Every structure is written in structure tokens, then in C-alpha cells.
Amino acid sequence: MTVGSGSEPATGRGPTSGTGARIHVVRFAPAKLNLTLAVVGRREDGYHALHSIMVPLSLGDALTVSAAPSGATRDSLRVTGLPLAPALDNLVLRSIIAARAAVATTWAGAPAFPPPLAARLVKRIPVAAGLGGGSSDAAAAIHAALAAWAATLGPAETAALAASMGSDVPFFLGGGSAVITGRGESVEPLPDIQGEPPAVLLVTPRLPLATAAVFKVYEGGAREPDAGRARDISERLARRMSAGVSAAALLALTPEMAAANDLRSAAASIIPGLHSFVDALEKLVQRPVCQSGSGPTMWTLYSSLAEARKAARFVRLAAVNGTLPLVGAGEPFVAATTIAGRPTPPSAQPGDRTAGATRPRSVHNWRDVDEHGSDEPAEEPVESKGDDPR
Ligand code: C5P
């Protein structure tokens, strides 16, 4: 599958006369990893104030947005790849609908509403896993819809639109590593990690975890023993990364990052067996294991993708032979990938569909349409309903 990421359509033919929508926009929607996640307070709006370092990964979903077939009155979404929770389907559709409302009066075709779109999502990021997949899809949907309609929105309005779709969505607008503060809406870009990108082993127990539930038990007292430690580490790492950090230096900081997530105890208090799972995983990979976001994804770093792939094979084998206890509905999702750099601006070369893309360089063990060559939808198409402003 061809994956592109610029704000321009990958195969733009300009607005069509019939629908006003360009033909095909393809966006890569990367997963994210929280290198650190400190909860630094409770806000008046009920959300938690955070200090977190987030990095994009080469593992990601691919979102294609096209003009809806003539006669269609609603946006639609077709999903292939990994299974998707229904609420997350709607984040793509809700983002398209919210983008339509945001540009309704300013786009070239006003007073008509921007036309319906047909979206296709190839899902490779496990859902409700602490990897930001739904949020990344939402950011990709906003960009893709605007490009399809040839509509523009100022940076502040785009950021507000993204924040209204979820706390992690603003991070994905920027495309690179960043320090996240506030509820997630404040995104301060960090330079790329120097040299060869660090490789990442991801291990996600097969038990989706809702962020709201994790924060709830955190509020109920499921806290880390050393209050303030995650924040100290997060702030120190942010200063180091601002000055420029090498992959080797980041790798050496894994033990600190493993102690820099304030939601670890909260996630473990919801998922029975998560503690023993992590203990066994640490023994297997012989290095500290960190949690991404509200979990349950666990990760650790390697200096090369080849090493991470080797570790992934080892972990899969351990899950099959019982050395790694299973949590949830079966074998975990195991992937070897890399921390991605900031995407380069689209190339001047016409027809280069991957120009500006964060090229996917990852392998994982769950069924994927690309690996098996099948393009059959895993889900029935979902149609937007109710809240469409048209
Ligand atoms: O913003 P989002 O919908 O992703 O957040 C999901 C839930 O996680 C919120 O309803 C809230 O309970 C919790 N949350 C929080 N503080 C944040 C982000 C999320 O309490 N900064």
C-alpha cells in the first residue's frame, strides 16, 4: 500500500466539478510512545495536568479519504487490519464532521457544505493500548478532509479542533517528538534523536484499557510509591532532548524512563496479572520495560531494528510456550519498530506518493492486510449519523 503524509493530496486532481472533493488523499497516522508520563496536578475542568515526552513511531495506520460515490449523502468509513472498537471508528468520522463544520462558511464552495467523504482505514496500531492510534487517526482525518476539500484552517483553529477530538490529538498535528503539557494541548517540539533512530520492542497485552478508567483508579489512590519522581525524570529528559540526544544516550536512560510513568500502578490495578507479565517480560528481554501512556503497551529500546526483531521473535515464542504468562484474550501484540523523525516537507518530485512520509519500518505478529495480501474489510462500513451539520 502506498502511504503519503504531506498536507497535499497524494494524488490530487483538484476539486471535481460534481462533488467539490479531490479524489484521493492518503495519510500515514503514526503510533506514539510516551517516553515519560508525569501527572502533575488536577485541572478545574476535571482533566489531569501532564508533563510527558511523546515520540512518533514508524508503526502506524494508513488513512485514505476519497470523494464519496455520487448520490451518497453521508461520510463513510471502511476498516481493514486489526479489530477496531466501535467508539474509535467514530473518531475518524467525528473528525471529518467537525472539520466540515469548522470550514463550512470559509471554504470555496460555501454556502454549500463540503461534500461527503469515503474514508478507508488500514489499522495496524492496537486500539486502547496507550499508543494513541485513535488520536492519530483523528489528526490524520482532519488533515485529509481539509486537503480533500481544498479547504484551509489557521493553525490555532486546527489546534482547537484537534484538542476537541481528544487530549492526545494535538501531538499528532506536529509530526515529531514533543514535550506535552496541560491536558495535552500544549505541544513543544523537540529535535529528532541524533543518528540512527532507536529501535523499539512493543508488547501489548490483549486487553484494551480505557484511559478514563485508568485516571479514575489513579484518583482512587493507585499511585506510584515515589511521588514526584516521574516529573523530575520527565523534566530532566526534556532538557536533555532539547539540547539534542543520541540514540545510545536514550538507550542508557531506559531504567529512568521505566520509573517515569505515573499511571503504571493504576493500569496494573485494573489488569490482573499485569505485574507478573511485566516481571516475566523483563527477565526475558533482560532490560527494564516501560509503559506507554495509560497502558497496557509495554516497551523497551534496542540500538538496531534487527535486535528489536530478534527480541520480538523471542517474546512471541515465550508467549506461545508459556514462559510469558498471557494477560487478557490470548497472545500479546508484539512489534519491532523505530522511533520516527519529524517528516520532511513534501518533495518537489511530482508523483512521489511517499514524499514527506514517515516511512513505515516495522513488523508485528497480528494479522495485517498487507502481510496476507487480502483486502477484504474486517468490519462493515460505518456511516456517520445524527451529528452531521448538513
Ligand atoms: O481527552 P480524551 O478523550 O482522550 O481523554 C479520555 C479520558 O482520560 C478523559 O475523559 C479523562 O477522564 C482522562 N484524561 C485526564 N487527563 C488528561 C487526559 C485524559 O484525566 N490529561
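Owing to the predicted nature of the structure, the values given are computational and were not obtained by experimental measurement. Because only heavy atoms are used, hydrogens play no part in the values below, and waters and symmetry mates are left out as well, while side chains stay in. First listed ligand is number 1; within each ligand, the first listed atom is number 1.
- Using a 4.5 Å cut-off on side-chain heavy atoms (C-beta onward), Leu77 and Leu121 make contact.
- No side-chain donor from either of His51 and Thr181 sits under 3.5 Å from a side-chain acceptor of the other.
- Of the protein's non-hydrogen atoms, Phe215 CD1, 3.4 Å is the one closest to atom 13 (C) of ligand 1.
- In this structure, atom 16 (N) of ligand 1 lies nearest to the protein heavy atom His48 N, 2.9 Å.
- For ligand 1, the polar-atom distance check finds no N/O of Thr211 at less than 3.5 Å from any of the ligand's N/O atoms.
- Interface of Leu50 with ligand 1, defined as ligand atoms under 4.0 Å from a residue heavy atom, comprises 21 (N).
- Atoms of ligand 1 lying under 4.0 Å from any heavy atom of Arg183, numbered from 1 in the order shown and given with element: 1 (O), 17 (C), 21 (N).
- Side-chain contact between Leu93 and Ser76 is absent, with no heavy-atom pair separated by less than 4.5 Å.
- Of the protein's non-hydrogen atoms, Tyr47 CE2, 3.8 Å is the one closest to atom 9 (C) of ligand 1.
- Within the 4.0 Å heavy-atom cutoff, Asp168 does not count among the residues contacting ligand 1.
- Proximity to Gly166 (heavy-atom distance under 4.0 Å) selects the following atoms of ligand 1: 1 (O).
- Each of Arg43, Glu219, Arg183 was compared with His48 under the side-chain hydrogen bond (donor to acceptor under 3.5 Å, both in side chains) criterion, and only Glu219 meets it.
- Both cation-pi conditions hold for Arg223 and Tyr218: the charged atom is under 6.0 angstrom from the six-membered ring centre and inside a 45 degree cone around its axis.
- The shortest side-chain heavy-atom distance between Leu202 and Leu57 falls under the 4.5 Å cut-off.
- Listed by atom number, the atoms of ligand 1 under 4.0 Å from Ser167 heavy atoms are 1 (O), 2 (P), 4 (O), 18 (C), 19 (C).
- Taking a cut-off of under 4.0 Å to the non-hydrogen atoms of Ala212, the atoms of ligand 1 that pass are 7 (C), 8 (O), 12 (O).
- For the pair Ser242/Leu190, a side-chain contact is recorded, criterion being any heavy-atom separation below 4.5 Å from C-beta on.
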